[in-house]
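Single-structure report; data block below.
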Amino acid sequence: MVKKIISFFLIILIIGCKSEYKTFISGKIIKPTNNEIQLLKDEKVIKNININNEGIFSTSIDDLNDGLYNFIHLPEFQYLIINKGDSLVLRLNSLDFDESLVFSGKGASKNNYLIDVFLEHEKDEDYVKKNYKSSRVIFKNIIDSLLKKKIKHYSGYNFKSNFISDLIINHAILIPLYSHIENYIIINKNNHSKNIQYFNKYRNEINLNISELSHFKLYLDYITLKSINESFSDKRGYDYNLNFNLLRLNYIKNQISNKTIKTKLLRYIAYEYLLEEKLLINIDQFIYEFLKISDNENTNSEVSILYKNITLLQVGKKFPEIKLFNENKIVNGTEINVNNKNIYVFWSYDQNAHQVNLFSKINIFSDKYSNYYFNLININKDSLKWKNNYSNKFYNNRIKNFRAVNFESMSKKMILNNLNKVIITDNNGIIKKILTLNNLEKYLENN
């Protein structure tokens with residue numbers, strides 16, 4: 001134990017002798033969930049940091065740019081504010097990730113500050129939401145009171161101020177409260193115009209084109225909420241139909257000049273709408289307008305592929321070709337149980353509650369509806385875990401287990417936005433119905 005403590009603090013001592021051109025990140029994770037940490041900037045991995053058997057890690061990076069970073073220790077992630085030359089030492093327990101996370105070393109104060117801001121907002125979350133139905137006067141007083149309390153509470157922190165740190169922390173304090181205001185307006189839509197006017201002061205305080213925050217989820221979520229309220233119509237309301245989403249596209253076009261923020265928001269709106277819309281004629285029109293506004297080639301290609309896959313995954317179309325593992329062999333999804341009616345469902349061994357519910361229902365349905373084959377497709381990568389999780393769970397030879405060879409490719413073709421999706425084909429491999437697991441029994445009873 002003494003050796004472990006000495007080795008951990010040796011890291012800190014070594015960091016103290018650093019070059020001014022290097023940034024050091026080290027620390028200790030209690031009960032690590034895997035053997036590495038990933039450091040990301042703008043959603044791109046810039047460093048994979050190994051964790052040793054004692055949970056200790058350490059790395060140095062040359063010429064790191066100042067700004068907002070992520071570190072990921074799956075399945076958790078958190079933000080970091082890093083300035084060139086910082087020597088951050090992290091300590092956390094993976095079983096209580098955010099609450100246990102503590103920083104020391106050069107650059108620690110601003111990051112401890114940021115974590116505290118996040119945790120305080122989490123504590124207030126339920127209280128604010130419970131008052132969404134209060135009068136606008138009461139709700140405004142709640143927001144004002146919380147804002148005053150947070151500014152006063154965090155004014156006692158002592159850290160070296162600079163533009164990046166001030167910008168990130170200031171918006172980390174403001175944005176969750178202002179997002180509550182946008183949600184309040186959405187929920188109280190019958191008084192939309194009056195609420196917009198009443199909260200106008202708050203709604204104009206946030207600049208929507210801050211490049212330094214273009215990868216900050218809180219910031220992007222806030223603009224997304226604002227796009228909903230700015231696209232509201234007393235006539236159409238918040239019905240998320242074609243016209244409403246076209247208005248949202250135009251709001252982003254007119255209000256967002258930062259290319260990164262614009263691309264992210266347009267992509268989000270496109271996916272949100274296309275994954276819910278059922279009418280191809282509406283999808284056609286949305287895509288036409290989207291491509292006139294979006295000027296990012298990668299996003300346009302991605303959305304066009306989604307559009308193509310949606311048009312192919314329709315009732316009356318042939319079940320798409322997907323590659324699946326069947327035990328130790330690769331098979332084509334279209335060659336499974338040929339000349340029989342097939343039901344395709346999806347699961348993950350990381351989602352235990354869904355797995356248990358799915359396996360239970362499939363066992364019942366396979367006994368009751370003998371004219372169907374049931375194909376369970378696992379989305380994970382670990383072959384051994386996949387087999388262990390379904391082994392001895394099924395007793396009907398009409399239940400077949402498969403694993404996706406390439407989850408990304410398969411999920412795109414299946415438009416797999418959640419694991420409750422069910423696809424049913426006839427004995428010619430033609431799609432007869434696309435529904436959810438909750439609606440499957442009713443369909444089987446009638447067919």
Side-chain angles (χ1 to χ4, degrees), residues 42-43 66-70 79 81 110 113-122 124-125 128-129 131-132 136 139-155 161-189 192-232 238 247-269 272 293:
D42 300 340
E43 297 165 34
D66 294 354
L68 189 66
Y69 288 76
N70 289 121
Y79 288 103
I81 305 172
K110 59 181 178 279
Y113 190 119
L114 183 64
I115 291 296
D116 278 357
V117 170
F118 292 148
L119 293 176
E120 285 297 314
H121 277 304
E122 285 182 12
D124 297 330
E125 186 84 5
V128 179
K129 286 182 176 180
N131 283 280
Y132 276 171
R136 65 177 73 93
F139 192 75
K140 177 181 178 296
N141 288 338
I142 290 170
I143 296 298
D144 285 340
S145 175
L146 288 172
L147 187 57
K148 183 178 179 180
K149 182 188 77 170
K150 291 176 189 302
I151 292 173
K152 180 180 179 181
H153 179 71
Y154 295 113
S155 63
S161 178
N162 61 44
F163 172 74
I164 293 291
S165 299
D166 290 345
L167 182 75
I168 294 169
I169 291 173
N170 184 52
H171 284 81
I173 291 172
L174 294 178
I175 286 174
L177 295 176
Y178 290 178
S179 293
H180 281 306
I181 290 174
E182 297 301 321
N183 276 319
Y184 177 87
I185 295 171
I186 291 171
I187 287 171
N188 297 283
K189 56 182 177 289
H192 179 267
S193 299
K194 291 180 180 179
N195 287 333
I196 287 286
Q197 185 177 1
Y198 189 77
F199 290 105
N200 194 48
K201 171 181 174 291
Y202 305 88
R203 303 188 73 247
N204 291 325
E205 281 196 20
I206 302 294
N207 182 342
L208 305 183
N209 291 283
I210 304 173
S211 60
E212 292 84 359
L213 301 180
S214 59
H215 297 272
F216 192 21
K217 188 175 185 301
L218 285 177
Y219 180 67
L220 297 173
D221 288 348
Y222 168 76
I223 303 175
T224 301
L225 287 172
K226 194 168 184 182
S227 77
I228 293 174
N229 279 322
E230 293 300 315
S231 304
F232 177 85
Y238 297 99
L247 287 172
R248 292 178 75 191
L249 292 182
N250 276 292
Y251 174 77
I252 301 303
K253 172 188 174 184
N254 296 328
Q255 298 299 320
I256 308 299
S257 57
N258 181 278
K259 287 189 176 182
T260 301
I261 297 172
K262 177 183 175 184
T263 295
K264 283 178 169 290
L265 295 173
L266 288 176
R267 181 186 181 279
Y268 176 84
I269 292 170
E272 184 181 54
I293 294 171

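- With a 4.5 Å cut-off on side-chain heavy atoms, L208 and I261 do not count as touching.
- For T263 (side chain) and K259 (main-chain N/O), a donor-acceptor pair under 3.5 Å exists by modelled atom type.
- Taking 4.5 Å as the limit, some side-chain heavy atom of L177 sits within range of a side-chain heavy atom of K150.
- For the atom pair CG of L213 and CG of L167, the computed distance is 4.5 Å after rounding to the nearest 0.5 Å.
- Checking N250 against N254 by side-chain atom types alone, no donor-acceptor pair falls below 3.5 Å.
- Atom CD of E205 sits in a crowded spot, with more than 12 heavy atoms from other residues, nucleotides or ligands closer than 6.0 Å.
- A distance of 6.0 Å separates CG of L147 from CG of L174, quoted to the nearest 0.5 Å.
- For the pair L114 and I81, the minimum side-chain heavy-atom distance is below 4.5 Å.
- Taken from OG in S257 to CD1 in I252, the straight-line distance is 11.5 Å, to the nearest 0.5 Å.
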**Prompt:** Can V117 and H121 be said to form a side-chain contact (heavy atoms from CB on, under 4.5 Å), step by step?
**Reply:** CA-CA 6 Å; V117 170; H121 277 304; 3.7 Å; yes

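- Residues D144 and K148 are not in side-chain contact: their nearest non-hydrogen atoms beyond the backbone lie 4.5 Å or more apart.
- Proximity of L265 to S227: side-chain heavy atoms (C-beta onward) are nowhere separated by under 4.5 Å.
- Between Y219 and H171, the angle of the ring planes goes over 60°, which puts this pair in the perpendicular group of the 30/60° scheme.
- Summarising the geometry of F139 relative to N131, their closest heavy-atom pair is CD1-O, 3.4 Å, with the distance given to 0.1 Å.
- Side-chain contact between S179 and L218: absent, with no pair of heavy atoms (C-beta onward) separated by less than 4.5 Å.
- In this structure a side-chain-to-backbone donor-acceptor pair under 3.5 Å is present from Y184 to R136.
- Side chain of N209 to backbone of Q255: a donor-acceptor contact under 3.5 angstrom is found.
- Contact between G67 and I164 at its shortest, heavy atoms only, is CA-CG2, 3.7 Å.
- If you take CD1 on I187 and CG on N183, they are separated by 5.5 Å, rounding to the nearest 0.5 Å.
- A donor-acceptor distance shorter than 3.5 angstrom exists from the side chain of K226 to the backbone of R203, with no hydrogens or angles considered.
- The side-chain heavy atoms of I115 and Y79, taken from C-beta on, include no pair separated by under 4.5 Å.
- Looking at N170, its side chain never comes within 3.5 Å of a backbone N or O of D166 through a donor-acceptor pair.
- Not one N or O on the side chain of N70 forms a donor-acceptor pair closer than 3.5 Å with the backbone of E43.
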**Asked** Would I196 and I185 satisfy side-chain contact (heavy atoms from CB on, under 4.5 Å), going step by step from the backbone distance to the final call?
**Response** CA-CA 7 Å; I196 287 286; I185 295 171; 4.1 Å; yes

**Prompt:** Checking side-chain contact (heavy atoms from CB on, under 4.5 Å) for the pair T224/R248: CA distance, chi angles, key distance, verdict?
**Reply:** CA-CA 9 Å; T224 301; R248 292 178 75 191; 3.5 Å; yes

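- Rounding to the nearest 0.5 Å gives a distance of 11.0 Å between NZ of K217 and NZ of K264.
- Atoms CD1 and CZ, from I143 and F199 in turn, are 7.5 Å apart once rounded to the nearest 0.5 Å.
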**Request:** Could you please spell out the steps behind the side-chain contact (heavy atoms from CB on, under 4.5 Å) verdict for T260 and H215?
**Result:** CA-CA 8 Å; T260 301; H215 297 272; 3.8 Å; yes

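- Side-chain atoms of N229 and Y251 include no donor-acceptor pair closer than 3.5 Å.
- Checked by atom type and distance alone, the side chain of H180 never pairs as donor or acceptor with a backbone atom of K129 at under 3.5 Å.
- For the pair I206 and Y178, the tightest heavy-atom approach, listed with the atom from each and the gap, is CG1-CD1, 3.6 Å.
- The minimum heavy-atom distance linking K189 with F232 is given by the pair O-CZ, 3.8 Å.
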